[in-house]
Amino acid sequence: PMEAVAEAIATVARQNKDSVILFPVHPNPAVRKTILPRLEGISNVVLCEPLDYDQFLSCLKNAYLVLSDSGGVQEEATALGKPVLVLRETTERQEGVKAGALKLVGTDKALIVKEARRLLADKAAYRRMCHASNVFGDGLAAERIVSILEKSLSSRSESHTVLQA
């Protein structure tokens with residue numbers, strides 16, 4: 001499967017010379033042995049070490065399109081309004097698929113190339129996938145929890161005071 005994904009990325013890169021593809025390469029030697037020979041030397045493919053979280057978010061925010069098998073990346077990219085081609089046959093994030101932000105493409109080279117080409121060329125198809133979606137939440141859960149806790153603690157404190165009086 002990694003070979004097919006690497007070959008698909010190489011094909012997309014060669015067919016879209018005006019695009020830059022950033023590929024953080026996992027440190028696993030087996031991954032590197034599969035990925036590097038297929039992508040090294042392609043002028044618009046940037047191979048790098050894994051990114052720290054801030055670097056990753058900056059890159060994700062500025063990405064046009066995301067290809068990933070990571071569930072977390074599926075959620076983060078969707079929240080940022082980035083279309084995601086999911087390099088898996090299934091995903092636990094079905095709400096993202098139903099919302100149209102994620103498209104399952106698996107590891108089939110032809111399908112990956114076809115869907116990437118479609119999103120790079122078809123502005124309407126891209127727009128349908130790129131609208132920011134809150135299907136995984138709106139990012140305000142922590143604030144809501146704090147508010148609930150403050151109210152709960154405040155009411156307990158008031159009732160405690162009343163009981164003492």
Nearest non-hydrogen partners of G106 and E89, listed with the distance: CA-OE2, 3.3 Å
Using a 3.5 Å distance criterion without hydrogens, assess whether the side chain of [X] forms a donor-acceptor pair with backbone atoms of [Y].
X: D122; Y: A125; result: yes
X: N44; Y: R14; result: no
X: K109; Y: V5; result: no
X: Y126; Y: Y64; result: yes
X: K103; Y: V84; result: no
X: E75; Y: G72; result: no
X: T11; Y: E7; result: yes

[atom1]-[atom2] distance between [X] and [Y], expressed to the nearest 0.5 angstrom:
X: L80; Y: L60; atom1: CG; atom2: CG; value: 5.0 Å
X: I112; Y: R117; atom1: CD1; atom2: CZ; value: 12.5 Å
X: L22; Y: C48; atom1: CG; atom2: SG; value: 4.5 Å
X: I42; Y: F23; atom1: CD1; atom2: CZ; value: 11.0 Å
X: D54; Y: C59; atom1: CG; atom2: SG; value: 11.0 Å
X: L85; Y: D69; atom1: CG; atom2: CG; value: 12.5 Å

Evaluate the side-chain proximity of [Y] to [X]: yes if any heavy-atom separation is below 4.5 Å, no if none is.
X: L47; Y: E40; answer: yes
X: P83; Y: V66; answer: no
X: I9; Y: L39; answer: yes
X: R32; Y: H26; answer: no

Full working for side-chain contact (heavy atoms from CB on, under 4.5 Å) between Q55 and D52: CA-CA 5 Å; Q55 292 169 323; D52 70 30; 3.3 Å; yes
V146 reachable from I148 in the ILVMFWY side-chain graph, under 4.5 Å edges: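 I148 does not cluster with V146.
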side-chain contact (heavy atoms from CB on, under 4.5 Å) partner of R93, chosen from L102, V86, T78: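 Only match with R93 under side-chain contact (heavy atoms from CB on, under 4.5 Å): L102.
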Identified side-chain contact (heavy atoms from CB on, under 4.5 Å) counterpart of M2 within the set T34, L87, T107: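 That would be T34; it is the only one of T34, L87, T107 passing the side-chain contact (heavy atoms from CB on, under 4.5 Å) with M2.
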Donor on one side chain, acceptor on other, Q74 and T91, under 3.5 Å: yes
Crowding at NZ, K17 (>12 non-hydrogen neighbours, <6.0 Å): yes
